[in-house]
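Here the structure comes first, spelled out in structure tokens, and everything after it is commentary.
Every heavy atom of this structure was used, including side-chain atoms; hydrogens, water molecules and symmetry mates were not. Chain letters run A, B, ... following the sequence lines, proteins first and then strands; every chain starts at 1.
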There are 2 protein chains.
Amino acid sequence: MAATLHDVARVAGVSFKTVSNVINNHPHVRPVTRSKVEAAIAELGYRPNLAARSLRSGHTGAITLAVPQLKLPYFAELADAVIAAAEARGLVVLIEQTGGNRERELEVLSSPRLQMSDGLLFSPLGLGEEDAALVKSEVPMVLLGERIFSGDCDHVTMQNVAAARAATDHLLDLGRNRIAVVGAHDGEVIGSAGLRLRGYREALAARGIAYDDSIVAYMWSWHRSNGAAAMRELLARGVTFDAVFGMNDTLAQGAMRVLQQAGYRVPEDVAVIGFDDLDETRYSLPTLSTVDPGRVEIAETAIRVLLERIMHPDGSAPQEIETTFKVVARESTLGQATVPAHPPSGS
Amino acid sequence: MAATLHDVARVAGVSFKTVSNVINNHPHVRPVTRSKVEAAIAELGYRPNLAARSLRSGHTGAITLAVPQLKLPYFAELADAVIAAAEARGLVVLIEQTGGNRERELEVLSSPRLQMSDGLLFSPLGLGEEDAALVKSEVPMVLLGERIFSGDCDHVTMQNVAAARAATDHLLDLGRNRIAVVGAHDGEVIGSAGLRLRGYREALAARGIAYDDSIVAYMWSWHRSNGAAAMRELLARGVTFDAVFGMNDTLAQGAMRVLQQAGYRVPEDVAVIGFDDLDETRYSLPTLSTVDPGRVEIAETAIRVLLERIMHPDGSAPQEIETTFKVVARESTLGQATVPAHPPSGS
DNA sequence: CTCCTATATTACAACGTTGTATCAGGGATT
DNA sequence: AATCCCTGATACAACGTTGTAATATAGGAG
């Protein structure tokens, strides 16, 4: 079927090893021979067999990305960034979905399918600190995100605390000092919610503003409707606030939505900021201010670290890398481009 | 490093081929031998080398999914469904992003990386009918979505016309007969927008309602903000309508948002329906009625057809398969669970 | 007790590639 | 002019698996 080195060699009139040498840019090949071989390759449309190459070399040219679900916008955008970064280095990405489920996450770690790739980018959700010892894989691995800290494994993550603090500072700088929080996790310390809440509290503390638990909404799910429900609850509670910090963009959008429906103007009455810089924040009404946690940098860094680890399996000690973040100020806090609502015109 | 058949054979005290026979469930293996071998496999933690297996067998156990961008929610959810369906058959999915760009799409078709998989699920966006002849790949391929019709290649798609017609019928059944459209593509015939508009027109025609171009908003981009802008434009135009059909969910949400901001109640004043059944439609305010185009079925069918094609490369003639769809009626048309807005409580 | 068949195991080759070792030729050095 | 070294090409083996063909063992019939 497909042409092999031998076929090319026959056509070019050289040994099949010479063809291999041409392909791998070995030094000692005469220009004449090289062009003869190249002509034969073109003529036959020869493509090196990747399975054979991989058997011989021990490398596949692929990496695995394991995430909870692509359905969740954050992970879809993370996967997008990872694929783009991998593509830039000539790598293919193979995706596993764990559903954020502890069992499936452990299963992925020991799956024979991991062999199809040279390494694993693993974004666990169901595993807890107590599972740290189980987080071992037969291929080099880089962890993405929070939750698992101990364990001798490279780790790339966002600066949750500092970024949340910057988001809060952004609101404080605008003169808001009653900042509600939507999406806290009760009692959590090391998860995204716990860290972000900590950043929020640090920002308040730095300006001598007391933390007020009555304007913090707790919940365990981060869907848009949860943000909406939380905001309804806050409004019903009768507490006052002039800004909202959503633990992620989806929550912020749900909250913003309810605020507007209740007659508040965003940002004039209440400023809103989210977290994640999802693509959709660029298209909401008003566009949503948020924090870009450095998703692209996470992807690129993770791949760089993974490749290093693949090339030097027992090189340096495991690294702990935090990416740079950026507050992205849009209309929901700055209010630059508010679109006037047209009056109803009958139905 | 990793154990091989030979290592297992040495431990079990049999020939390495016998070990292979055990693994591949060959008939003539004595139970005693089998258990000896299995013990050795367990002891060494033996895992078959996939590269070698793939070199020998010619199969990889992976398929490639090529989509424009995972950032776009529709494709993220499609990928989610494809990965789940592949997983159920023991296949791994390898994802390529084309950016919806014609050049990149052609590049993917001839990429050597395709070799890492047994087949391709291809969802083109940039390619036009005139490129049909170029749509050939070295591995079996199944096309997903519209745009390319000719070409002798299996094709799985949704029933755009019938589904759009059903969505429109749903609105008509509710007594709405001034149904605005958001997201038409001017002059398009075979794309999603063209087909869905056709379904809309068929539904009107069937009830003897005249098509009114003044309540159809044209645009080439399908972001939320486009839906919002279109709705502002419709309102400004002063035309009347009692329902909106968004060509996709994102547009519908943008439109719904502007409607509400302008003081209309959804669905009391204006009912809204979208298309795609994105996960987020379950969490919007109100939850969005939409059409489930059978994404899960598309994924499962595409994989089934692809596997058939992989096993019998020149089997039957190329198939053209359309999945079943379902109108998903939620609050934006039925209004069952409208949440009362709480009155503002100062800031 | 021998022959034959069915069963169980083995030996060998092949998939297509690349690394190592080997070998032929030509120019520079002695 | 003979030796040496470097260039350029080749032969061989190996990566780990599976299919095919061959062989060894056991059980039943003649």
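Salt bridge absent: B:R102 and B:E130 never bring a charged side-chain N and a carboxylate O closer than 4.0 Å. Ion pairing between A:R295 and A:E300 fails under the 4.0 Å rule for side-chain N and carboxylate O. Under 4.0 Å is where a charged nitrogen must lie from a carboxylate oxygen, and between B:D152 and B:K136 at least one such pair does. A salt bridge links B:E308 with B:R304; the closest basic N to acidic carboxylate O contact falls under 4.0 Å.
Side chain to side chain, A:E96 and A:T64 fail the donor-acceptor criterion of an N or O pair below 3.5 Å. If you check the side chains of B:N49 and A:Q115, you find no donor sitting under 3.5 Å from an acceptor.
Using a 4.0 Å heavy-atom criterion, one finds that A:S20 contacts the bases of the nucleic acid, with or without backbone contacts as well.
Here chain A contacts DNA chain D (any atom closer than 4.0 Å to a heavy atom, that is under 4.0 Å), and the contacts span D:dT7 to D:dG16 from 5' to 3'.
In terms of modelled atom types and a separation under 3.5 Å, the side chain of A:E105 and the main chain of A:L127 share a donor-acceptor contact.
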Could you list all N or O pairs between the protein and nucleotides 6-9 of chain C that sit under 3.5 Å apart?
{"from": "C:dA8", "atom 1": "O3'", "to": "B:R30", "atom 2": "NE", "distance (Å)": "3.3"}
{"from": "C:dT9", "atom 1": "OP1", "to": "B:R30", "atom 2": "NE", "distance (Å)": "3.4"}
{"from": "C:dT9", "atom 1": "OP1", "to": "B:R30", "atom 2": "NH2", "distance (Å)": "3.0"}
{"from": "C:dT9", "atom 1": "OP1", "to": "B:T33", "atom 2": "OG1", "distance (Å)": "2.2"}
{"from": "C:dT9", "atom 1": "OP2", "to": "B:R30", "atom 2": "N", "distance (Å)": "3.0"}
{"from": "C:dT9", "atom 1": "OP2", "to": "B:T33", "atom 2": "OG1", "distance (Å)": "3.2"}

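With rounding to the nearest 0.5 Å, the separation of OG1 in B:T157 from CG in B:N160 is 5.5 Å.
B:H26 places its NE2 atom 14 Å from the P atom of C:dT10, with the value rounded to the nearest Å. Taking atom CG of residue A:L5 and atom P of nucleotide C:dG19, one finds them 12 Å apart after rounding to whole Å.
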